[in-house]
Amino acid sequence: MPARIRNFNLRKDLKTVLQFQYETYERNFPGFQVDRGFLEDFARQLRAAADERSEQLWVLEVDGQVSGLVWATLITSMVEEVVGYIKNVYVAPELRGQGYGRMLLRIAEDWFRSQGAPKSVLDASVCNEEALAFYEQVGYRAARVRMEKPLG
Ligand SMILES: CC(C)(COP(=O)(O)OP(=O)(O)OC[C@H]1O[C@@H](n2cnc3c(N)ncnc32)[C@H](O)[C@@H]1OP(=O)(O)O)[C@@H](O)C(=O)NCCC(=O)NCCS
């Protein structure tokens, strides 16, 4: 199955990448429903990212079909001037477990390194066990934890 990772092309890839967000956001934020307004806002962010040197997106293409995404940005932390931040990573369900997610993160991390970032960070939801297992497996560890308490 010929697979390649290439730069995101706003015109060609926008629709497919928006479709990925249903699973990503509904899985990470239980109860949240992706709707038109959310997708319009997401599309605006993608358009802005395309013109921004501190943001890079790549897509996974398998058999000519866009089947994955990684969105990488450079941010500033409390103690570091520049840190890599993974904003979004996705692999189509039928292609999971074949190393594509790892490949996408590696490309983002190589770019972070080339930009002088000493580390790569991301946010994950505790309810998304699949993603947590994936992140742990590729070397990420919990550094800060957001805690919550229902106020019944
Ligand atoms: C998270 C996600 C990107 C992983 O992609 P993937 O292509 O399946 O991951 P890989 O095949 O590259 O896996 C890399 C490693 O993580 C492990 N891993 C991946 N998914 C796993 C799972 N569900 N449970 C346990 N380990 C898992 C793999 O076994 C592999 O380890 P190995 O190389 O030592 O064998 C994919 O499941 C996905 O798109 N999920 C929906 C979107 C999402 O939740 N994104 C993250 C939040 S923004």
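If you're wondering where the values come from, they're calculated on a predicted model, not measured in any experiment. Counting starts at 1 for both ligands and their atoms, following the listed order. Hydrogens, waters and symmetry mates are skipped; everything else that's a heavy atom, side chains included, is used. By convention here, the first residue in the shown sequence is residue 1.
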query: Can you check whether a protein heavy atom sits less than 4.0 angstrom from atom 35 (O) of ligand 1?
result: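 No, there is no protein heavy atom closer to it than 4.0 Å.
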Can you list the atoms of ligand 1 that are under 4.0 Å from a heavy atom of [X]?
X: Gly99; value: 10 (P), 11 (O), 12 (O)
X: Tyr100; value: 7 (O), 12 (O)
X: Gln98; value: 11 (O)
X: Gly97; value: 6 (P), 7 (O), 8 (O), 11 (O)
X: Tyr90; value: 39 (O), 42 (C)
X: Val89; value: 42 (C), 43 (C), 45 (N), 46 (C)

- prompt: For Ala131 and ligand 1, does the shortest N/O to N/O distance drop below 3.5 Å?
  reply: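 No, since none of the N or O atoms of Ala131 sits under 3.5 Å from an N or O of ligand 1.
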message: Check this for me - ligand 1, Val138, N or O atoms closer than 3.5 angstrom, yes or no?
response: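 There is no such contact.
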message: Heavy atom to atom 23 (N) of ligand 1, shortest distance: which of Glu130, Arg27, Arg102 holds it?
response: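 Residue with the shortest heavy-atom distance to the ligand atom: Glu130.
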field: Heavy-atom nearest neighbour of atom 44 (O) of ligand 1 within options Leu132, Asn128, Thr24
entry: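 Of the listed residues, Asn128 has the closest heavy atom.
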Residue and atom name of the nearest protein heavy atom (relative to [atom]), distance in Å to one decimal:
atom: atom 38 (C) of ligand 1; answer: Arg96 NE, 3.4 Å
atom: atom 7 (O) of ligand 1; answer: Gly101 N, 2.9 Å
atom: atom 39 (O) of ligand 1; answer: Val91 N, 2.8 Å
atom: atom 28 (C) of ligand 1; answer: Gln137 CG, 4.3 Å
atom: atom 2 (C) of ligand 1; answer: Phe134 CD2, 4.2 Å
atom: atom 26 (N) of ligand 1; answer: Ala133 CB, 3.8 Å

query: Parallel, tilted or perpendicular: which fits the ring planes of Phe20 and Tyr90, with parallel below 30° and perpendicular above 60°?
result: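 If you compare the ring of Phe20 with that of Tyr90, the planes turn out parallel.
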Plane angle bin for Phe32 and Phe29 - parallel if under 30°, tilted between 30 and 60°, otherwise perpendicular: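 Taking Phe32 first and then Phe29, their aromatic rings stand perpendicular (interplane angle over 60°).
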field: Residue pair Leu57 / Val70, side-chain heavy-atom distance below 4.5 Å
entry: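 No, side chains not in contact.
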- request: Answer whether the closest heavy-atom distance between the side chains of Leu18 and Phe42 falls below 4.5 Å.
  value: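 The answer is yes; the side chains approach within 4.5 Å.
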[Y] versus [X], side-chain donor and acceptor atoms under 3.5 Å:
X: Tyr100; Y: Ser67; value: no
X: Thr16; Y: Gln19; value: no
X: Glu52; Y: Ser54; value: yes

message: Surrounding CD of Gln33 (heavy atoms of other residues, nucleotides or ligands, distance under 6.0 Å), is the total greater than 12?
response: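 Open.
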query: How would you list all residue pairs meeting salt bridge (charged side-chain N to carboxylate O under 4.0 Å, His left out) that involve residues 81-92, not counting sequence neighbours?
result: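 Every candidate salt bridge (charged side-chain N to carboxylate O under 4.0 Å, His left out) pair involving residues 81-92 fails, so no pair, neighbours aside, qualifies.
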field: Part of Asn28 with heavy atoms under 4.0 Å of ligand 1, whether side chain, backbone, both or neither
entry: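 Answer for Asn28: side chain.
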message: Applying a heavy-atom cut-off of 4.0 Å, say which part of Tyr135 lies close to ligand 1: side chain, backbone, both or neither.
response: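 Near ligand 1, Tyr135 shows its side chain, while the N, CA, C and O stay back.
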field: Hydrophobic cluster membership, Ile86 vs Leu104, 4.5 Å side-chain cutoff
entry: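 Yes, it is one cluster - the side chains of Ile86 and Leu104 are joined through contacts under 4.5 Å.
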Residues Glu40 and Arg36 bridged, charged N to O under 4.0 Å: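 The answer is yes: the pair qualifies as a salt bridge.
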message: Looking at Asp63 and Arg4, is there a salt bridge between them, counting it only when a charged N and a carboxylate O are closer than 4.0 Å?
response: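 Between Asp63 and Arg4 there is no salt bridge, as every charged N stays at least 4.0 Å from the carboxylate O atoms.
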- request: Consider ligand 1: state whether an atom of it lies below 4.0 angstrom from any non-hydrogen atom of Phe20.
  value: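 The answer is no, since Phe20 has no heavy atom less than 4.0 Å from ligand 1.
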